[in-house]
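The structure appears right after this line, and notes come after that.
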Amino acid sequence: EKGGYDYFMLKEIAEQPKAVADTLLGRIDPSGSLTLDEVRISPPELREVDKVVIVACGTAFHAGLIAKYAIEHFTRIPCEVELASEFRYRDPILDGRSLVIAISQSGETMDTLMALRHAREQGSKVLAICNTNGSTIPRESDAVLYTHAGPEVAVASTKAFLTQLVACYLVALYLGQVRGTKWGDEIQAAIKDLSRISEDVERVLETMEPVRALARTLATKNTVLFLGRHVGYPVALEGALKLKELAYMHAEGFAAGELKHGPIALIEEDVPVVVVVPSPRGRSVLHDKIVSNIQEIRARGARTIAIAEEGDEAVVPYADHLIRVPVTPTLLQPLVATVPLQVFACELATARGNEVDQPRNLAKSVTVE
Ligand code: F6R
């Protein structure tokens, strides 16, 4: 059932291009616009929405953090993202015009379920993004957009995460389409970009051997740091989470702009720092700032591992190790940049003799509080 792979996690990483394509299937119509019939919240209701709040846990929370960029960009509606375990015990300001999005692979996570109940009590509509048909979270929501990742067996979430990102972009673009916030052309172009992204995920998977080799050389390290900016920041958080849960190493993700406000004190000789480098096109100011961050940490002895777009030459002089990812639009970069981090964590876990599919102390779905 592992399909020739040593671990379910490896199989599920390899299934990502298909999972991404399946999640798009039937949702883009031939004219190039979106039809999300399952989202049973009517267009007039969606036009009334004045606030979006995303609640989730763990990896699904990271998908939510990335979704915020796309939702605010394409809809101009303010979007907050909160850990379900925090949200449920707050007194959040919500009403009938708030749209709450609950993201969950299993559909059974207790904190996320409690958060959505909390939102519905206040009259908000809840849209679930979920991978498990008929599970509790979609059953208790007003609407559901299913991800089509197929069953995810490994405890560490991989393909579910990528499909959560796809579903979040679909929601952002659909809201933009329904509300007419952006020029139709921009939405249509973004839908087209999204429809091609599974090929890029496929391409990145073909180049993972050097990432594995690199991971093996780091098996005796105690700490790995991850840096990112903009949508690369949640990718850094996700890279760190994967490493903690699988390799049992201390790993932390930082917003690169926060380095000088504290974390740079952690940089010492030979500490590995993975940097998610934004595209030099588009928001080039972010790219330039990250390049100077890489220079700064390298000057202090860090071993720099850059995840950078093909053709980005500016990082070359400062990267001790360079992991290339295909050129994508900025908002879609997390779909390709996360893949090497999954492979990296999986390989480090193996090198350290850990059980990849069943990390210690963790359960696939957390139905307790
Ligand atoms: C990390 C991981 C967990 C889950 C979290 C939420 O690899 O798998 O952090 O993402 O427990 O689970 P779901 O999405 O089922 O609500």
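In what follows, residues are counted from 1 in the order of the sequence shown. Every heavy atom of this structure was used, including side-chain atoms; hydrogens, water molecules and symmetry mates were not. Both counts, for ligands and for their atoms, begin at 1 and track the order of listing.
Looking at Asp312 and His287, their side chains do bring a donor and an acceptor atom within 3.5 Å of each other. Under 3.5 Å, the side chains of Asp29 and Ser31 contain a donor-acceptor pair of N or O atoms. Judged purely by distance below 3.5 Å, without hydrogens or angles, the side chains of Glu45 and Ser42 pair a donor atom with an acceptor atom. For Asn354 and Arg360, the side-chain atoms include no donor-acceptor pair closer than 3.5 Å. Counting only N and O atoms by type, the side chains of Ser279 and Glu309 include a donor and acceptor under 3.5 Å apart.
Checking only distances, Thr112 never comes within under 3.5 Å of ligand 1, N or O to N or O. Between Lys364 and ligand 1, no N or O atom pair is found at a separation short of 3.5 Å.
Near Ala60, with a cut-off below 4.0 Å to any heavy atom, the atoms of ligand 1 are 10 (O), 14 (O). For ligand 1, the atoms lying closer than 4.0 Å to a non-hydrogen atom of Gly58 are 9 (O). Each of the following atoms of ligand 1 lies closer than 4.0 Å to a heavy atom of Glu245: 1 (C), 7 (O). Counting atoms of ligand 1 from 1 in the listed order, those under 4.0 Å from a heavy atom of Cys57 are 5 (C), 6 (C), 10 (O). The Ala156 neighbourhood of ligand 1 comprises atoms 7 (O), with distances under 4.0 Å to a heavy atom of that residue. Atoms of ligand 1 found under 4.0 Å from any heavy atom of Ser104 (numbered from 1 in listed order, with element): 13 (P), 14 (O), 15 (O), 16 (O).
Ligand 1 has no atom lying under 4.0 Å from any heavy atom of Ser365. For the pair Val155 and ligand 1, a heavy-atom separation below 4.0 Å is found.
Distance from atom 12 (O) of ligand 1 to its nearest protein heavy atom, with residue and atom name: Thr109 OG1, 3.5 Å. Nearest non-hydrogen protein atom to atom 11 (O) of ligand 1 is Val366 CG2, 4.2 Å. Protein heavy atom closest to atom 10 (O) of ligand 1, with residue, atom name and distance, is Thr59 N, 3.2 Å. Here the protein heavy atom with the shortest distance to atom 14 (O) of ligand 1 is Gln105 N, 2.6 Å. If you check which protein heavy atom lies closest to atom 15 (O) of ligand 1, you get Ser106 OG, 2.6 Å.
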Distance-only criterion, 3.5 Å: show the donor-acceptor pairs between side-chain atoms of residues 331-350 and protein atoms not counting sequence neighbours.
| from | atom 1 | to | atom 2 | distance (Å) |
| --- | --- | --- | --- | --- |
| Gln333 | NE2 | Val277 | O | 3.0 |
| Thr338 | OG1 | Pro334 | O | 2.7 |
| Gln342 | OE1 | Gln16 | NE2 | 2.8 |
| Gln342 | NE2 | Gln16 | OE1 | 3.2 |
| Glu347 | OE2 | Arg216 | NH1 | 2.8 |
| Thr350 | OG1 | Cys346 | O | 2.8 |

Quick one, Glu252 with Thr223, criterion side chain to side chain contact (heavy atoms under 4.5 Å, CB included). Give me CA distance, side-chain angles, the key distance, then yes/no. CA-CA 8 Å; Glu252 256 189 283; Thr223 294; over 6 Å; no
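The aromatic rings of His230 and Tyr69 sit tilted relative to each other, their planes meeting at an angle between 30° and 60°.
At a heavy-atom cutoff of 4.0 Å, ligand 1 is contacted by the side chain of Lys242 but not by its backbone.
When the salt bridge (Lys or Arg N to Asp or Glu O under 4.0 Å) test is applied to Glu12, no partner is found at least two apart in sequence or on another chain.
The hydrophobic clustering, which links ILVMFWY residues whose side-chain heavy atoms are closer than 4.5 Å, places Leu165 and Ile28 together.
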